[in-house]
Number of protein chains: 2
Amino acid sequence: MSGQSAQLAKKPMSKSKGEILDAAAEVFMRLGADAASIDDVARHLGSTKGRIYHHFPSKGVLLAEVCLRASDFVHDVVGPAVDPATSPEINLRRMIALHIPEILRTLPYHKVIIQSYVGINQKSTTALERELFERIRVERRQYEDIFRGILSAGMKDGSFRQQNLSVTLQSLLLLINAPVFWYSPRADEPADFLTKLTEQLSDMAVAALR
Amino acid sequence: MSGQSAQLAKKPMSKSKGEILDAAAEVFMRLGADAASIDDVARHLGSTKGRIYHHFPSKGVLLAEVCLRASDFVHDVVGPAVDPATSPEINLRRMIALHIPEILRTLPYHKVIIQSYVGINQKSTTALERELFERIRVERRQYEDIFRGILSAGMKDGSFRQQNLSVTLQSLLLLINAPVFWYSPRADEPADFLTKLTEQLSDMAVAALR
DNA sequence: TTGACAGCATACTCGGTAGTATGTTTGCAT
DNA sequence: ATGCAAACATACTACCGAGTATGCTGTCAA
């Protein structure tokens with residue numbers, strides 16, 4: 001059973017398609033995108049293959065759309081928050097404070113997209129799949145560039161220590177995505193755990209830059 | 001006859017088995033452990049399936065032994081370096097300075113073991129596979145505990161900021177493993193790049209703790 | 001009422017892969 | 001030299017899972 005999915009203004013997505021994406025994210029997360037079969041996803045939906053292949057032409061496209069949605073989630077939340085008029089450190093703290101809760105809210109999607117970073121499953125045969133994965137790459141690049149700009153500005157005005165920009169960027173992104181690797185919601189966790197977690201990671205991330 | 005004590009000694013591995021593990025790490029890294037077939041590994045070796053199945057009873061065991069070796073590499077190098085008589089910060093810097101070059105030296109192995117962290121491929125049917133994966137879990141736990149002890153001591157004596165220990169630990173480990181996600185050796189990189197990289201990551205890691 | 005299409009279910013095909021069974025060579029002790 | 005494992009190669013089988021072809025059912029417009 002899947003919770004309510006946030007409707008994105010960008011793509012008017014059918015309700016059924018959204019449910020399939022949620023289920024795919026969940027199943028791909030648990031079994032791994034390669035090991036999981038379309039039948040596994042269908043079973044988790046309480047339906048059959050036919051429904052999935054009615055909305056998605058292939059497993060690769062389904063996987064790609066899960067990853068694309070993961071990318072959109074954070075991008076749409078963090079992107080608008082950046083304010084060129086403010087200081088780099090304030091901007092960065094604000095971005096992180098939005099980024100972390102969002103990836104925790106849409107955790108399965110991000111656990112899936114991370115799989116595509118460690119195992120380069122580019123068996124992408126069809127043209128559509130290649131196009132989608134290219135769009136994912138572009139979107140990630142754009143998202144990185146937002147942080148890159150903040151870091152660059154911060155190194156210039158002395159807020160952050162001057163060092164290799166790419167290494168700094170990758171380390172920062174990994175740090176604020178860290179919960180994706182180890183976090184899974186528990187019943188006995190304190191109510192303010194996520195708040196505390198976000199604060200701590202923000203502090204550590206900013207501290208790592210000085 | 002030192003044969004008897006070989007039980008506790010690490011593992012006198014045959015040359016051929018080592019070659020197979022190297023090839024498996026390389027191929028699993030490139031294609032993903034699930035997508036890659038045993039024939040792919042054999043082809044990369046210039047041989048056939050028969051050779052692999054002569055040394056390994058199943059693909060799962062092969063994968064497990066790759067992961068186990070990845071774990072051993074860093075454990076054997078970093079483990080002996082810790083000195084209880086020294087300060088937490090000195091210890092931590094020394095450990096990181098050994099950890100990072102070692103994972104870069106044995107990069108394919110670590111790219112593979114990371115896959116098993118994001119995609120929980122527990123199709124482990126056989127008892128042997130379960131035993132091996134359990135040993136991997138235990139070894140990782142032990143390795144984590146080394147850092148946990150240092151962090152705990154550092155928080156107590158004021159070297160490090162006091163905050164959630166588990167979150168700090170996971171973030172630190174992710175930070176010093178960061179190159180596994182994005183680094184691949186290039187011909188045109190400066191000779192001192194790895195040294196600089198190690199220094200920067202050490203600095204960032206320690207800075208993140210204050 | 002009908003017919004036409006979206007939204008799925010059912011029942012297949014078919015290629016790829018893990019694993020096996022068995023042959024063949026190489027090293028090596030006696 | 002000769003026997004005999006170890007260390008492979010070759011040639012299969014069995015099965016799983018992606019993709020397809022087709023059938024079924026509701027909905028809605030004309």
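Just so we're on the same page: letters track the sequence lines, and every chain starts at 1. Keep in mind that what you see is a predicted model, and the values were worked out from it rather than measured.
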Of residues 48-58 of chain A, the positions that come close to DNA chain C - non-hydrogen atoms, cut-off under 4.0 Å: A:Thr48, A:Gly50, A:Arg51, A:His54, A:His55
Find the distance [X]:[atom1] to [N]:[atom2] and express it as a whole number of Å.
X: A:Ile20; N: C:dG7; atom1: CD1; atom2: P; answer: 10 Å
X: B:Asp39; N: C:dT17; atom1: CG; atom2: P; answer: 7 Å
X: A:Asp34; N: C:dA18; atom1: CG; atom2: P; answer: 12 Å
X: B:Ile38; N: C:dT20; atom1: CD1; atom2: P; answer: 12 Å

Distance below 4.0 Å between B:Ser37 side-chain N/O and C:dG16 OP1 or OP2: no
Parallel, tilted or perpendicular: rings of B:His99 and B:Phe147 (30°, 60°): perpendicular
Ring geometry between B:Tyr183 and B:Phe193 (parallel below 30°, tilted from 30 to 60°, perpendicular above 60°): parallel
CA sep, side-chain torsions, deciding dist, call: A:Gln200, B:Thr168, side-chain hydrogen bond (donor to acceptor under 3.5 Å, both in side chains): CA-CA 8 Å; A:Gln200 176 172 345; B:Thr168 307; 2.9 Å; yes
Sugar-phosphate only, base, or nothing, as touched by A:Ala36 at under 4.0 Å among non-hydrogen atoms: sugar-phosphate
Which atom of A:Cys67 lies closest to which atom of A:Ile113, heavy atoms considered: O-CD1, 3.5 Å
B:Leu107 side chain reached by B:Lys111 side chain, heavy atoms, under 4.5 Å: yes
Heavy-atom contact window of chain B on DNA chain D, given 5' to 3' at under 4.0 Å: D:dA7 to D:dT10
Worked verdict on B:Leu62 versus B:Leu21 for side-chain contact (heavy atoms from CB on, under 4.5 Å): CA-CA 7 Å; B:Leu62 176 59; B:Leu21 285 177; 3.9 Å; yes
Side-chain donor or acceptor of A:Asn164 paired with backbone N/O of A:Val167 under 3.5 Å: yes
Between A:Tyr117 and B:Phe181, ring centroids under 6.0 Å: no
